[in-house]
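Reminder, nothing fancy here: chain letters follow the sequence lines and each chain counts from 1.
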There are 2 protein chains.
Amino acid sequence: MIDARLITLRVFSSAGTIARTAELTGYSPSAVSTQLRELQRSLGMKLMTKDGRGIRLTVAGRHFVTGLDDVVAQWELLKASALAADGQAQSHLGLGGFSTAAAQLLAPLAATLRTTRPHVKVQLMEAHPQRCLDLLLAERIDLAVIVAAQTSGSSGAGARFEQTVLLDDQLDVVLPAEHRLAMNKTVSLEELAEDPWITESEQSVYRALFVAAFASLGATPRVAHEAVEWETMIAFIAAGLGVGLLPRLATLGGGENVVRRRISGAAKPSRRIVAVTRKGSRGSPLIQESLTALQTIAQGIISQRLTDELDG
Amino acid sequence: MIDARLITLRVFSSAGTIARTAELTGYSPSAVSTQLRELQRSLGMKLMTKDGRGIRLTVAGRHFVTGLDDVVAQWELLKASALAADGQAQSHLGLGGFSTAAAQLLAPLAATLRTTRPHVKVQLMEAHPQRCLDLLLAERIDLAVIVAAQTSGSSGAGARFEQTVLLDDQLDVVLPAEHRLAMNKTVSLEELAEDPWITESEQSVYRALFVAAFASLGATPRVAHEAVEWETMIAFIAAGLGVGLLPRLATLGGGENVVRRRISGAAKPSRRIVAVTRKGSRGSPLIQESLTALQTIAQGIISQRLTDELDG
DNA sequence: AATAATCGTGCACAATTGGTGCATGATCGA
DNA sequence: TCGATCATGCACCAATTGTGCACGATTATT
């Protein structure tokens, strides 16, 4: 409704390159290029400038985008409150989430919505957290479930998104079956301070959690290997290459030769899973209902985990 | 830049009918009809409903428009401040004003802009005050010079427009040449309380001024005839049908058999001439410059009038 | 130093969007 | 009852807007 070119600009401000913007918005690169040029022409101002082989926002451009964030947020707010007041509801809802969230939270949500709002077309989309945010910007999805980043978004995420905490997903350790602590019911991080670790790549959310957990103990463990997928990490661990952290929500996936153990002791790292919406859109009935449903589902998971806790 | 359909909706909220909206926006009626329907469909809400042979905003629709006013204002603000910060300027400027204003204020302004901003395409448009406001809404013009209405706009003009006072244009009386007071240098309204008057139609701005002026004297003079154009009124007066009020800025236009006299005494009615812009757009360099230029021109007129005063 | 990879843009072409003009049905005023 | 006004549906048409590919430029790689 807000001019598509403005949305494109907003995505570009997060994506950084025309190519990525095109991929996120679903346009072709030349379309994005044209849109942005046309936008500048019709505004009568230079928003971007060449920078090496790419392009980059000018100072004016960044200011403009900042202001645009407010306008878009207010527009979303208007749309949401109008929908809420009118009783009518939108007919389409795009949901995004990273792997485990998509499986454990979004799938039940979609199932719920199918019964409560049969006429709403729900579209699921699995994507990594940062990509979820970009898709949110690009209006490809309306709600995303991601892992909260402490470095909460590079460029003023507060002006663009709103978060709702769903649950704190505690991390377990995964050990080789023949590990010296494999027989213990629980393991503390202190006991593993000297072990070689397998984590995600630098600058990833999980690496940050990992570092923070050990920093609180005054230790800096050795990172022996890096993996992107849990499955890869588990394979490494099964091969005896080290130990690793795995969120409780993530399944071990038939991992042979590895055991999962709860973490005891002072440092109990967890990842915070949040639902994110475009700023202002939270008041929409459909979003509202989705959020509360998600919280219910999350509650269910937490209590499920508690009973597991008693069993284990 | 904001979706055209939203602008159309805004205009409709002021115009009231599809036909008038079409005329104001420059679209055909069927285009407006389609736009508004499409808007409702893509928002998933009913903004308007049939009402007799026309259509009318629903409650939800009115709320929506109210919120939309804020969004549009914020967007204008963003655009203006971005232009101001960037130094660049828009290439087009639409000016609107009612007859005398167009002649005496807008023409000089256009002349000034032609020298200070040669590359800006200025477009003049003469229209009645209410129509000027609608054209402003429809983005056909960017600045209008109108007579301030004390009933300042029907539907929340404050949320849509911003005013800048230019000058107070005093009203003179016009008398038939053979009138008993025609020889006096000045005439007071009290002396004319019993005369038959010729004014504009009920509910017009000038009628309101007329009524207010006499109300302050505790009198309610008799309105014998009504005229829309000054010229018509003057012709009536020349024919001896009554007396009338004429703004100082309005020329007598070779009126035979009539005389113009200053008003003395307690009640000195005047019409307030203001410049109006869309809310938020005032910060744009071009608008800014136009406003100050207008004030300068208005000052010139006032001082010109002062010297006349001394002469007369 | 040379080659490959990536990025943005320009252009011809295609398709969808979006507007016009006219006819129609409905409502209101005289 | 007739005419006027209003909104809308439809066929047609135009202009905007996106695609696909080629190209020049710049950076990374070997």
Side-chain angles (χ1 to χ4, degrees), chain A residues 1-58 61-62 65 92 130-131 134 138-140 201-202, chain B residues 1-58 60-62 65 91-92 130-131 134 138-140:
Chain A
M1 196 63 38
I2 290 278
D3 194 296
R5 290 169 290 183
L6 295 175
I7 303 300
T8 302
L9 174 67
R10 225 157 95 91
V11 174
F12 174 82
S13 81
S14 170
T17 82
I18 299 263
R20 273 184 53 75
T21 306
E23 195 278 331
L24 285 165
T25 53
Y27 291 117
S28 68
S30 49
V32 172
S33 179
T34 310
Q35 279 191 10
L36 293 180
R37 172 145 29 112
E38 185 53 24
L39 177 62
Q40 296 182 89
R41 197 199 55 73
S42 87
L43 282 175
M45 58 188 318
K46 205 163 153 50
L47 296 173
M48 32 194 67
T49 180
K50 283 204 278 281
D51 178 34
R53 67 180 156 183
I55 58 178
R56 157 182 57 85
L57 286 178
T58 62
R62 273 197 299 279
V65 169
H92 190 270
Q130 176 58 46
R131 185 178 163 81
D134 287 337
E139 307 199 343
R140 294 278 292 278
S201 66
E202 199 96 39
Chain B
M1 195 61 41
I2 290 279
D3 195 295
R5 291 169 290 181
L6 295 175
I7 303 300
T8 302
L9 174 66
R10 226 157 94 92
V11 175
F12 174 82
S13 82
S14 171
T17 85
I18 299 266
R20 272 185 52 77
T21 306
E23 195 278 330
L24 285 165
T25 54
Y27 290 118
S28 68
S30 49
V32 173
S33 179
T34 310
Q35 279 190 9
L36 293 180
R37 170 146 28 119
E38 185 54 25
L39 177 63
Q40 295 182 92
R41 196 199 56 75
S42 86
L43 282 174
M45 57 189 318
K46 206 162 152 51
L47 296 172
M48 34 194 66
T49 181
K50 283 204 277 278
D51 178 34
R53 66 182 155 181
I55 59 179
R56 155 181 59 85
L57 284 179
T58 62
R62 274 198 298 280
V65 169
S91 63
H92 189 269
Q130 176 59 46
R131 185 176 163 79
D134 287 337
E139 309 200 341
R140 295 278 291 278

How long is the span from the [atom1] atom in [X] to the [atom2] atom in [Y], to the nearest 0.5 Å?
X	Y	atom1	atom2	result
A:Arg131	A:Leu24	CZ	CG	5.5 Å
B:Ile7	B:Met1	CD1	CE	10.5 Å
B:Glu38	B:Arg41	CD	CZ	4.0 Å
B:Arg10	B:Thr25	CZ	OG1	13.5 Å
A:Ile18	A:Leu36	CD1	CG	5.0 Å
B:Leu57	B:Phe12	CG	CZ	5.5 Å

Review point. Which heavy atom of A:Asp3 sits nearest a heavy atom of A:Arg5, and at what distance?
Key: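 Between these two residues, the closest heavy atoms are OD1-N, 2.8 Å.
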Under 3.5 Å, which N/O atoms of the protein pair with N/O atoms of nucleotides 11-19 of chain C?
unit_1	atom_1	unit_2	atom_2	d
C:dG19	OP1	B:Gln35	NE2	3.1

How long is the line joining [atom1] of [X] and [atom2] of [N], in whole Å?
X	N	atom1	atom2	value
B:Arg56	C:dC28	CZ	C1'	16 Å
B:Lys50	C:dC28	NZ	P	13 Å
A:Leu36	C:dG8	CG	P	10 Å
A:Leu47	C:dG8	CG	P	16 Å
A:Met48	C:dC7	CE	C1'	14 Å

Exercise for review: For DNA chain D, note the earliest and the latest nucleotide, 5' to 3', having some atom under 4.0 Å of a heavy atom belonging to chain B.
Suggested key: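 Going 5' to 3' along DNA chain D, contacts run D:dA4 to D:dG9.
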Check your understanding: Is there a donor-acceptor contact under 3.5 Å from the side chain of A:Thr21 to the main chain of A:Val32?
Key ->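 The answer is no, because no donor-acceptor pair under 3.5 Å joins these two groups.
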**Study point:** B:Pro29 backbone acceptor or donor facing B:Ser33 side chain under 3.5 Å
**Key:**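 No, because the side chain of B:Ser33 does not come within donor-acceptor range (under 3.5 Å) of the backbone of B:Pro29.
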Write down the protein N/O and nucleotide N/O pairs, taken from nucleotides 3-6 of chain C, whose separation is under 3.5 Å; answer none if there are no such pairs.
unit_1	atom_1	unit_2	atom_2	d
C:dT6	O2	A:Arg53	NH1	3.4

**Study point:** Non-hydrogen side-chain atoms of A:Ser14 and A:Arg20 separated by less than 4.5 Å
**Key:**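 They are not in contact (no side-chain heavy atoms under 4.5 Å apart), so the answer is no.
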Review point. A:Met48 and A:Leu9: side chain to side chain contact (heavy atoms under 4.5 Å, CB included), yes or no, with the steps?
Key: CA-CA 10 Å; A:Met48 32 194 67; A:Leu9 174 67; 3.7 Å; yes
